[in-house]
Amino acid sequence: MKFQYNDGGRSNYFKGTTGDCVCRAISIATEMDYKEVYDMINQYAKKERTGKRKKSKSNARTGVYTSTAKKILADLGWTWHPTMGIGTGCQVHVREDELPKGRLILNLSRHFSCMIDGVLNDTYDCSRDGTRCVYGYWSKA
């Protein structure tokens with residue numbers, strides 16, 4: 001698995017590390033400015049509702065709910081491709097030969113990442129040596 005360090009432009013605005021994987025993945029895949037994506041995520045988060053199971057709202061810096069990420073990506077014109085269903089087990093892993101070419105945003109366990117033509121673009125190699133399961137991915141329609 002090829003890996004390319006890419007923070008999506010976060011270092012232009014913030015220092016240190018944080019849980020902004022959704023913001024980074026969208027910024028890298030769409031080639032949008034990091035701060036523009038950051039602000040967009042926080043605007044969507046304002047519309048979220050909280051409840052017994054969902055105690056807080058999404059935040060671009062500390063974590064985004066998958067449901068909110070799906071709304072954002074759908075509004076940006078990206079298409080969801082599920083790779084795993086209930087009871088099916090893991091069918092697709094973070095490996096170049098198991099995913100299509102192009103710009104993809106991967107939904108992994110507790111993480112989002114970006115793959116461009118088989119090269120993982122992230123702040124660390126999250127592939128777990130090709131064993132990490134992909135729940136699904138978004139591609140530009």
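Here, residue 1 is the first one in the sequence, and each next residue gets the next number. Everything numeric in this text was worked out from a predicted model, so none of it was measured.
- Looking at every heavy atom in both residues, Ala69 comes nearest to Val22 through CB-CG1, 4.1 Å.
- Counting heavy atoms from C-beta outward, Glu96 and Lys2 have side chains that approach closer than 4.5 Å.
- In this structure, the side chain of Arg103 engages the main chain of Ile28 through a donor-acceptor pair within 3.5 Å.
- Two different hydrophobic clusters hold Val134 and Trp138 under the rule that ILVMFWY side chains link at heavy-atom gaps under 4.5 Å.
- By the neighbour-count criterion of 12 heavy atoms within 6.0 Å, atom CG of Asp75 is densely surrounded, having more than that number from other residues, nucleotides or ligands.
- The two atoms that bring Met40 and Leu76 nearest to each other are CE-CD1, 4.0 Å, heavy atoms only.
- Between Asn12 and Tyr34, the closest side-chain pair of non-hydrogen atoms is not below 4.5 Å.
- In this structure, Thr131 and Arg128 approach most closely via the heavy-atom pair OG1-O, 2.6 Å.
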Extract all donor-acceptor atom pairs below 3.5 Å that involve side chains of residues 105-122 and protein atoms in other chains or at least two apart in sequence.
unit_1	atom_1	unit_2	atom_2	d
Ser109	OG	Arg132	NH2	3.4
His111	NE2	Asp122	OD2	2.7
Ser113	OG	Asp122	OD2	3.0
Asp117	OD1	Gly102	N	2.8
Asn121	OD1	Asn6	ND2	3.4
Asn121	ND2	Val119	O	3.0
Asp122	OD1	Arg24	NH1	2.4

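- Within the 4.5 Å cutoff, side-chain heavy atoms of Glu98 are placed close to those of Val92.
- Nearest heavy-atom pair across Arg10 and Thr123 is NH2-CG2, 4.1 Å.
- Counting all heavy atoms, side chain and backbone alike, His93 lies closest to Gly130 at CB-O, 3.3 Å.
- Between Asp39 and Lys35 there is a salt bridge, since a side-chain N of the basic residue sits under 4.0 Å from a carboxylate O of the acidic one.
- Screening residues 54-65 for side-chain hydrogen bond (donor to acceptor under 3.5 Å, both in side chains), with sequence neighbours left out, gives Glu48-Ser58.
- The distance from the OH atom of Tyr137 to the NE2 atom of His81 is 5.0 Å, given to the nearest 0.5 Å.
- Nearest heavy atoms, Pro100 versus Leu104: O-CD1, 3.3 Å.
- Residue pairs meeting the ring pair (Phe, Tyr, Trp, His ring centres under 6.0 Å) criterion with at least one partner in residues 2-29, sequence neighbours excluded, are Phe14-Tyr38.
- Annotation: side chain of Leu73 is not in contact with side chain of Trp80 (no heavy-atom distance under 4.5 Å).
- Between atom CD1 of residue Ile26 and atom CG of residue Asp20 there is a gap of 11.0 Å, rounded to the nearest 0.5 Å.
- One distance of note links CD of Glu36 with CD1 of Ile41; it measures 11.0 Å at 0.5 Å rounding.
- Looking only at distances, no side-chain donor or acceptor of Thr79 sits under 3.5 Å from a matching main-chain atom of Lys140.
- With contacts defined as side-chain heavy-atom distances shorter than 4.5 Å, the pair Trp78/Thr30 qualifies.
- Side chain to side chain, Asp125 and Ser127 meet the donor-acceptor criterion of an N or O pair below 3.5 Å.
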